[in-house]
Amino acid sequence: MTVLSTVEISYGDDLYKIVDSLNRTLKQENLTFGITLSEENHEKAIFTIYRVK
(Lines give C-alpha, C1' and ligand atoms only; values in the text may rest on other atoms or scores of the structure.)
Protein backbone atom coordinates (compact mmCIF):
# COMPACT_ATOMS: atom_id res chain seq x y z
CA MET A 1 0.00 0.00 0.00
CA THR A 2 1.09 3.54 -0.73
CA VAL A 3 0.11 6.43 1.55
CA LEU A 4 -1.56 9.16 -0.50
CA SER A 5 -2.54 11.53 2.29
CA THR A 6 -2.50 11.83 6.08
CA VAL A 7 -4.29 14.47 8.13
CA GLU A 8 -4.91 15.02 11.84
CA ILE A 9 -8.55 15.77 12.67
CA SER A 10 -10.75 16.09 15.74
CA TYR A 11 -11.95 12.70 16.96
CA GLY A 12 -15.68 11.96 17.05
CA ASP A 13 -17.53 8.83 18.13
CA ASP A 14 -19.02 8.29 14.65
CA LEU A 15 -15.84 8.97 12.68
CA TYR A 16 -15.35 5.26 12.02
CA LYS A 17 -18.69 5.22 10.14
CA ILE A 18 -17.31 7.64 7.55
CA VAL A 19 -14.16 5.55 7.12
CA ASP A 20 -16.23 2.38 6.77
CA SER A 21 -18.46 4.01 4.15
CA LEU A 22 -15.46 5.28 2.16
CA ASN A 23 -13.86 1.83 2.24
CA ARG A 24 -17.04 0.12 1.04
CA THR A 25 -17.69 2.70 -1.67
CA LEU A 26 -14.18 3.14 -3.08
CA LYS A 27 -12.74 -0.35 -2.73
CA GLN A 28 -13.11 -0.90 -6.48
CA GLU A 29 -10.93 2.19 -7.05
CA ASN A 30 -8.07 0.51 -5.12
CA LEU A 31 -8.36 3.02 -2.27
CA THR A 32 -8.38 2.18 1.44
CA PHE A 33 -8.98 4.56 4.34
CA GLY A 34 -7.76 4.27 7.90
CA ILE A 35 -8.29 6.06 11.20
CA THR A 36 -6.31 5.84 14.43
CA LEU A 37 -6.16 7.87 17.62
CA SER A 38 -3.24 10.26 17.94
CA GLU A 39 -0.72 9.00 20.50
CA GLU A 40 -0.07 12.55 21.75
CA ASN A 41 -3.67 13.75 22.02
CA HIS A 42 -6.60 11.32 22.32
CA GLU A 43 -9.00 14.06 21.20
CA LYS A 44 -7.38 13.91 17.75
CA ALA A 45 -7.36 11.17 15.12
CA ILE A 46 -5.06 10.46 12.21
CA PHE A 47 -6.97 9.88 8.96
CA THR A 48 -4.97 8.19 6.18
CA ILE A 49 -5.76 7.43 2.53
CA TYR A 50 -3.93 4.50 0.91
CA ARG A 51 -3.72 3.22 -2.65
CA VAL A 52 -3.66 -0.57 -2.76
CA LYS A 53 -1.39 -2.01 -5.44
Side-chain angles (χ1 to χ4, degrees):
M1 286 195 287
T2 303
V3 174
L4 298 178
S5 178
T6 301
V7 65
E8 186 174 86
I9 56 177
S10 296
Y11 177 77
D13 289 339
D14 289 337
L15 198 53
Y16 75 93
K17 291 179 184 179
I18 295 170
V19 174
D20 183 56
S21 178
L22 288 167
N23 281 325
R24 290 173 188 257
T25 305
L26 297 172
K27 179 170 47 173
Q28 69 275 7
E29 301 295 328
N30 297 325
L31 296 173
T32 300
F33 302 84
I35 191 87
T36 186
L37 281 177
S38 170
E39 291 183 14
E40 298 87 35
N41 181 352
H42 291 284
E43 294 180 7
K44 297 285 184 174
I46 308 298
F47 175 74
T48 306
I49 303 171
Y50 304 91
R51 178 166 311 279
V52 180
K53 294 184 178 186

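The basis for the numbers below is simple: all heavy atoms, side chains too, and nothing from hydrogens, waters or symmetry mates.
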**Request:** Give the minimum heavy-atom separation between Asn23 and Leu31, together with the two atoms involved.
**Result:** OD1-O, 4.4 Å

**Joint cluster assignment, Ile49 & Val19, ILVMFWY side-chain distance < 4.5 Å** = yes

**Request:** Could you tell me the separation between the CD atom of Glu8 and the OG1 atom of Thr48, rounded to the nearest 0.5 Å?
**Result:** 11.0 Å

**Item:** Nearest heavy atoms of Thr25 and Gln28, plus distance in Å
**Value:** O-NE2, 2.7 Å

**Message:** Within this structure, what is the CG-OH distance for the pair Leu4 and Tyr50, rounded to the nearest 0.5 Å?
**Reply:** 10.5 Å

**Request:** Of all the heavy-atom pairs spanning Leu15 and Ala45, show the shortest one and how long it is.
**Result:** CD2-CB, 4.0 Å

**Prompt:** Looking at side-chain heavy atoms only, is the closest gap between Ile35 and Ile9 below 4.5 Å?
**Reply:** yes

**Prompt:** If you measure from CG on Leu26 to CZ on Phe33, what distance do you get to the nearest 0.5 Å?
**Reply:** 4.5 Å

**Prompt:** Looking only at heavy atoms, which two atoms of Leu37 and Tyr11 are closest? And how far apart?
**Reply:** CD2-CD1, 3.7 Å

